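Right, one structure below, let's go through it.
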Amino acid sequence: MLTLDHIYKWVNNGGRRVFLLNDLNLKVEQGEFLSIMGPSGSGKSTLLNVIAMLDEFDEGEYYFDGEAIHELKPKKRTAIFNENIGFIFQAYHLLDDLTVYENIETPLLYKKVNRSERQSRVADMLDRFNIVGKKDLFPHQLSGGQQQLVGIARALIINPKLILADEPTGNLNSKQSEEIMELFAELNKEGTTIIQATHSESNAAYGTRTIHLLDGSIVKN
Amino acid sequence: MFKNHIKIAWRNILKNKGFSIVNLIGLGIGVCACLLISLYVVHESSYDSFVPNSENIYRLQSPYSMSDFDDVGVHFSANMASTMQSEFSEVLKAGRINDVQSFPGAGENEIQINSVPRQFHEEKFAYADQEILDIFSIPFIEGDAKTALYQPNTLVLTESMAKKYFKDESAMGQTIILNGNNDRPYTVAGVMKDFPENSHMDYNFLLTLKDMEFSEGEQTRWFLSNYYTYLELSEGTNTEEFEKRLSQTMIRKYLKPAYLKAGFDMAVNLEENMSLRVQPIEEIHLYSSDVSYEVGKRNDIQVVITFAIIAIFILLIASINFINLSTAKSAKRAKEVGLRKVVGSNRRHLIFQFLSESVLVSIFAFFIGFFLSVVLLPFFRTATGLELSIPLNEPLFYLVFVGMAVLVGVLSGIYPALFLSGFKPIDAFRSKSEQSRTIFNLRSALVVFQFVISIVLIVGTLVINQQMDFILNSKVGFEKDQVLQIYGTTTISDQISSFKEELKGVDGITSASISSFLPIEGTRRNGNSFSKAGKWNIDPAIGGQAWYIDEDYLQTLGITLLEGRNFRGKSDSGNNTTIINQEMAKQLGLENPVGKQISRFNDLYEVIGVVEDFKYQSMKNKVEPLSFYYGLTPSIVSVKLNSGSVERTMTKIEDLWKEFAPNQELRYEFMDESFAQMYRNVERVKTVFSIFAILAIFIASLGLFALSAFMIEKRRKEIGVRKVLGASTASMVKLLSSDFMKLVFIALLVAIPLAYYFMNSWLQEFAYRININIWVFVLSGMAVLGITFLTVAFQTIRSSVLNPIKSLRSE
């Protein structure tokens, strides 16, 4: 599904080059559930952002579904991202001013999906995550676990091929974490490719494969 | 999608209540100010546009220059109109109006209806040709507009006058007698609609000029100029070319020969000194400030432009608040921008969303402004003295109004929208304080701009106020307090002297005088040419006034006699004696004038006295040469009261008046009031200016208040840390307000020269004026600095008395 080939990313700090990603090679197949582990600052988030095409890299090649991302214009990249990838944040990042229903609906609005289809897809999603009763509440009225469910629902609403999750359970307690991970495993079984960054061994264990990052390079595959 | 934008916009408005209120109030007040001023500007620029065919109707003008003196004349001889019509084929119609007060019947009259003895005072009479009715297509209620003034001794009156005197009866064929003149009764031949308020003409009665001759040869002499002359030119006339031919033909063929023949040798150069011009009637109201003898409520295009600029500036100040507050809270919205981009929004969507928000706020503000205007309109009417109204049944108004609302929304939203929507999602999540660094400069520039406008307006207000005080309190050379003017005394004609004598006997009255000439605008004036004795037609003449007064005039008005003697009474009548003012002596170069002779036109007069210059014109003009003669001009009796009970004296005067004029009401005015009237226009400018200056500074401080709240909110952590380290509240206030104080100082540096320049050029209009005092600037600067400091200090103190731990914890 995607291939990262000799990816470098750096920042200049007082004349010294600090590498965020250092000669990183990664191949992810359709249907995988990949966990990325590593200490703080090892480049987990940077790697996810690069995969999501939200952040640029300085050297190397990136192929997504056969497209050479490193050769594309930003606009085209954004289009590929919008079409294929759902992003889940550690801090949920819901839109505070929108209700649960509206948060989930927003990506469809941007894709110009018509009204009746929007309604049925959002209803399906609410149903699936058992949050029908919460659909008119605002994010601050929900618990952390519930907010993350909404975040996941919002990521899934566009039927993405790939889900990127940046420490999705980092702000949750263990019981909530478990539920989310169960959900991920289930989604993966249904065919969605998932890449998650995590600190927790137990979360990583839900995946089909785990890689370890240190200083921007894969140290264990 | 659009619905979604509106929904989010609405929630954002509700959520950020403080922000929204500042925006709505600021912008609402701005809109209200702008709307009210627009009504004024539109009204002032709409003069005479309602006249059908107005683009082909002109008023004749003649710019002329004498030795040191330029003017534009609008009065012409009686035969000008008819001569022009026969000379030029493009003159389709030519008509005249004469409202010069010295012609009996023009101006003000005491009228009687159908020989009932009771007299009523009426104003706004003018003599007019039938052609005036034709040229202006004056709409009629009764009678035939095509023939109404065609017969001698006919008049046309307005609908409201007809209602006043004839109620439901038809006015047609009724008789009106002017000033008891039974020899010449006028017959009502038509009722016309009242002149609209935006007409440069304002008359209640038009008396026909048919077969009128006010003095012998008056209708055929070229140098008696008393008639406004209006022309209807054929469609597509090249006015410039026409003016050239007009000047050449009329001056060379008619005016010059006539002047020379009458002995005006100086007319040799008439072609160089004079020309003829046609002024489109729609320009009369705003572009006649170069005409010195212009009667009526003229305005100056400069005043209108100034107000229009102020309106735009106030709206700008309010819009700047909007821009500044939106960018200031950008950090708060950066996250939202990032998120929306992550879930699939592109930049265009976001720009559109932010614009929807600002347009929504703007539309709300416009509604608030609209309702505010409706509430304040009556006050604005009083302030401007105009019957302004919001054109609610005009579809164009709504179109423009909503259009403006959208435009202001887009203009004030476009920068924040571009700025906010440009955030990269990654950056948006990362740090919170970085983004606003670059924006601060633009925001500072905008704040400086707001302050500059505010300071200029404050300085303007102070200077206008000082100048007004100066005018109203400065020494005018006569005493206007406790002086009563009794009008309409012409009707008691031969008894007027005994009326005056009896008045002098009334307890509480110091003196009384008969004269139509007073140092108050609107009373009689004339134009005369003076020269040194015997130098008439040899030396260049000087222009000046010749006033007829009685022996009590100087005492009643408190005019100081510097040399020589006052008039003694009837013995000075017709004996060619005159009293002159200092300016006359100066301009004629007389060293010891008393006993010397001067020429007025071709006649010689002996100077028996010199009076101190007194300001008999508006202070926009310098005192010009003036001379007094003994004679009876009976339309006004002036009475000087002593400081006793005015009320009791008034009763006595009324009783006395009833004896002399049982059928006429006493009409009087106190001189200090009529003096103040002369400056009513300046007074209005002052009021309107003050109001809008206050509004501008209010809106600007409102913005500053909110802006400083945001800045302090952002530095809350810093405040917390500093307090933990032991900083006092006072030092925090100093730290936080210094940023804004710097901006005010910059604004002062820009505003002071600007304000000085503008106000100095405004003052040039006045011959007698104040010098702009440095204190005006100091005061304005202090005021703005004070307001800024208080605003910021309030916010700082509020946030620094909070428990520092609280503000630190939230990070």
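Within every chain, numbering begins at 1; the chains are lettered A, B, ... in the order of the sequence lines, protein sequences first and strands thereafter. Note that this is a predicted model, so its numbers are computed, not measured.
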Query raised in the report: Roughly how far, to the nearest 0.5 Å, is NE2 of A:H93 from CD of B:E336?
Result: 13.0 Å

Query raised in the report: Within a radius of less than 6.0 Å around CZ of B:F698, do more than 12 heavy atoms belonging to other residues, nucleotides or ligands occur?
Result: no

Query raised in the report: Under a 4.5 Å heavy-atom cut-off, does chain A meet the side chain of B:R340, its backbone, both or neither?
Result: both

Requested in this report: Pick one of side chain, backbone, both or neither for A:E83, based on which atoms fall under 4.5 Å of a heavy atom in chain B.
Outcome: neither

Query raised in the report: Near A:F129 CZ, under 6.0 Å, is it more than 12 heavy atoms from other residues, nucleotides or ligands?
Result: yes

Query raised in the report: Using non-hydrogen atoms only, which part of A:K111 is less than 4.5 Å away from chain B: side chain, backbone, both, or neither?
Result: neither

Query - Distance in Å, A:L95 CG paired with B:R11 CZ, rounded so as to fall on 0.5 Å steps - result: 10.5 Å

Query raised in the report: Given a strict heavy-atom distance threshold of 4.5 Å, which part of A:L94 is in contact with chain B: side chain, backbone, both, or neither?
Result: backbone

**Report entry** By ring pair (Phe, Tyr, Trp, His ring centres under 6.0 Å) - contacts of A:F19 (at least two apart)
**Finding:** A:W10

Query - Working for side chain to side chain contact (heavy atoms under 4.5 Å, CB included), residues B:V342 and A:F81 - result: CA-CA 9 Å; B:V342 169; A:F81 167 79; 4.1 Å; yes

Query raised in the report: In terms of heavy-atom contacts, does CD of A:E56 have more than 12 from other residues, nucleotides or ligands at under 6.0 Å?
Result: no

Report summary line: Whatever's closer than 4.5 Å to a heavy atom in chain A on B:K341 counts as backbone

**Report entry** B:N346 CG: over 12 foreign heavy atoms closer than 6.0 Å
**Finding:** yes

